[in-house]
Amino acid sequence: QVQLVESGGGLVQAGGSLRLSCAASGRIFSNYAAGWFRQAPGKEREFVTAINWGSGRTYYADSVKGRFTISRDNAKNTVYLQMNSLKPDDTAVYYCAVKRTGVATLVDDYDFWGQGTQVTVSS
């Protein structure tokens, strides 16, 4: 089974950048998807971005298009989230997740989850 550990969160001013990492133990198969979700206080966990592990095809929520980039390093079993032009509305706990058999944007479709890393964007 897959275990995930996120890192790279922190405090940044609006307009700044952060890079999150998600290290996976256990094999990620080519038909799996890796994604990032986030949850702000008082809100439901929401989809941010996802990548098909085999093809590299990516998907983004409208709120982060043009600002965030997801990527993966197959050799290191690691997925990254580069976040640029950060806004206070991006403040949340960011979670890495992996889904068997294809990409999806729904929280309930993912099989494995990391512990989350806090991202705080000040105005």
Side-chain angles (χ1 to χ4, degrees):
Q1 60 182 336
V2 176
Q3 296 188 32
L4 306 169
V5 179
E6 303 97 332
S7 62
L11 175 64
V12 65
Q13 292 201 176
S17 299
L18 285 173
R19 190 191 192 208
L20 307 184
S21 298
C22 174
S25 62
R27 183 178 175 183
I28 307 299
F29 292 90
S30 62
N31 62 334
Y32 283 16
W36 289 94
F37 293 75
R38 65 188 183 186
Q39 187 166 21
K43 296 184 178 180
E44 294 183 351
R45 194 168 299 184
E46 67 175 355
F47 170 78
V48 176
T49 181
I51 186 168
N52 181 282
W53 201 259
S55 70
R57 184 168 296 176
T58 57
Y59 306 83
Y60 294 93
D62 288 341
S63 60
V64 305
K65 286 180 180 177
R67 300 189 298 121
F68 291 10
T69 303
I70 188 171
S71 62
R72 90 290 201 209
D73 186 326
N74 294 321
K76 294 183 178 180
N77 246 208
T78 300
V79 62
Y80 304 96
L81 180 63
Q82 179 66 46
M83 304 185 294
N84 299 325
S85 301
L86 283 161
K87 305 174 181 179
D89 285 348
D90 296 318
T91 296
V93 176
Y94 282 71
Y95 297 90
C96 177
V98 167
K99 179 188 182 297
R100 293 176 290 190
T101 65
V103 92
T105 61
L106 300 178
V107 168
D108 290 345
D109 288 339
Y110 281 74
D111 301 294
F112 310 103
W113 291 86
Q115 85 288 352
T117 185
Q118 177 70 48
V119 171
T120 302
V121 185
S122 62
S123 59

Q.
So does Thr101 get a backbone contact from the side chain of Lys99, meaning a donor-acceptor N/O pair under 3.5 Å?
A. yes
(Q) For a quick test of reading the model, state the closest non-hydrogen atom pair linking Ala24 to Leu4 and the distance between them. (A) CB-CD2, 3.6 Å
Q) Distance from Thr69 atom OG1 to Met83 atom CE, nearest 0.5 Å? A) 11.0 Å
Q.
Could you report the tightest heavy-atom contact between Arg72 and Ile51, atom names first, then the distance?
A. CD-CD1, 3.8 Å
(Q) Distance check, rounded to the nearest 0.5 Å: Ser17 atom OG versus Phe68 atom CZ? (A) 9.5 Å
**Q.** Euclidean distance, Asp90 CG relative to Thr120 OG1, rounded to 0.5 Å
**A.** 11.0 Å
**Q.** Atom of Val119, atom of Gly9 and distance for their closest heavy-atom approach
**A.** CG2-CA, 4.2 Å
Q) Judged by atom type as modelled, is there a donor-acceptor pair below 3.5 Å linking the side chain of Arg57 to the main-chain atoms of Asn52? A) no
(Q) I want to check something: taking the side chain as every heavy atom from C-beta on, are Ser21 and Lys76 in contact at a cut-off of under 4.5 Å? (A) no
Q. Do Trp53 and Asn77 pass the side chain to side chain contact (heavy atoms under 4.5 Å, CB included) test, and can you show the C-alpha distance, the side-chain angles, and the key distance before you say yes or no?
A. CA-CA 10 Å; Trp53 201 259; Asn77 246 208; 4.3 Å; yes
Q. For the residue pair Ala104 and Phe47, what are the closest heavy atoms and their distance?
A. O-CE1, 4.1 Å
Q) Would Ile70 and Tyr59 count as a side chain to side chain contact (heavy atoms under 4.5 Å, CB included) if you check the C-alpha gap in whole Å, the side-chain angles of each, and the deciding distance to 0.1 Å? A) CA-CA 9 Å; Ile70 188 171; Tyr59 306 83; over 6 Å; no
Q: Compute the ring centroids of Phe37 and Tyr110, then answer whether they are less than 6.0 Å apart.
A: yes
Q. In terms of hydrophobic clustering (I, L, V, M, F, W, Y; side-chain heavy atoms under 4.5 Å; direct or indirect links), are Val2 and Phe29 co-clustered?
A. yes
Q: For Glu6 and Gln115, indicate whether the former's side chain and the latter's backbone hold a donor-acceptor pair under 3.5 Å.
A: yes
**Q.** Close side-chain approach of Ile28 to Phe112, heavy-atom, < 4.5 Å
**A.** no
**Q.** Exercise: identify the closest heavy-atom pair between Val98 and Tyr32
**A.** CG1-CD2, 3.7 Å
Q.
Measuring from atom CD of Glu44 to atom CD of Gln39, what distance do you get when rounded to the nearest 0.5 angstrom?
A. 8.5 Å
Q) Does the distance from a Lys or Arg side-chain N to an Asp or Glu carboxylate O, for Asp62 and Lys65, drop under 4.0 Å? A) yes
Q. Does Leu20 share a hydrophobic cluster with Val93, counting links as ILVMFWY side-chain heavy atoms below 4.5 Å and allowing steps through other members?
A. no
Q) Does anything in residues 106-123 pair up under salt bridge (Lys or Arg N to Asp or Glu O under 4.0 Å), and if so which pairs, sequence neighbours excluded? A) Arg100-Asp111
Q | In one Ile/Leu/Val/Met/Phe/Trp/Tyr side-chain cluster, 4.5 Å: Tyr94, Tyr60 | A | yes
Q: For the pair Cys96 and Trp36, evaluate side chain to side chain contact (heavy atoms under 4.5 Å, CB included) and give the outcome as yes or no after the intermediate values.
A: CA-CA 5 Å; Cys96 177; Trp36 289 94; 4.0 Å; yes
Q: Please report the shortest heavy-atom distance between Ser123 and Pro88, naming the atom on each side.
A: CB-CG, 3.9 Å
Q. Where do Gln118 and Thr91 land on the side chain to side chain contact (heavy atoms under 4.5 Å, CB included) test, with the steps shown first?
A. CA-CA 8 Å; Gln118 177 70 48; Thr91 296; 4.0 Å; yes
Q. Should Val121 and Val48 be counted in the same cluster of Ile, Leu, Val, Met, Phe, Trp and Tyr side chains packed under 4.5 Å apart?
A. yes
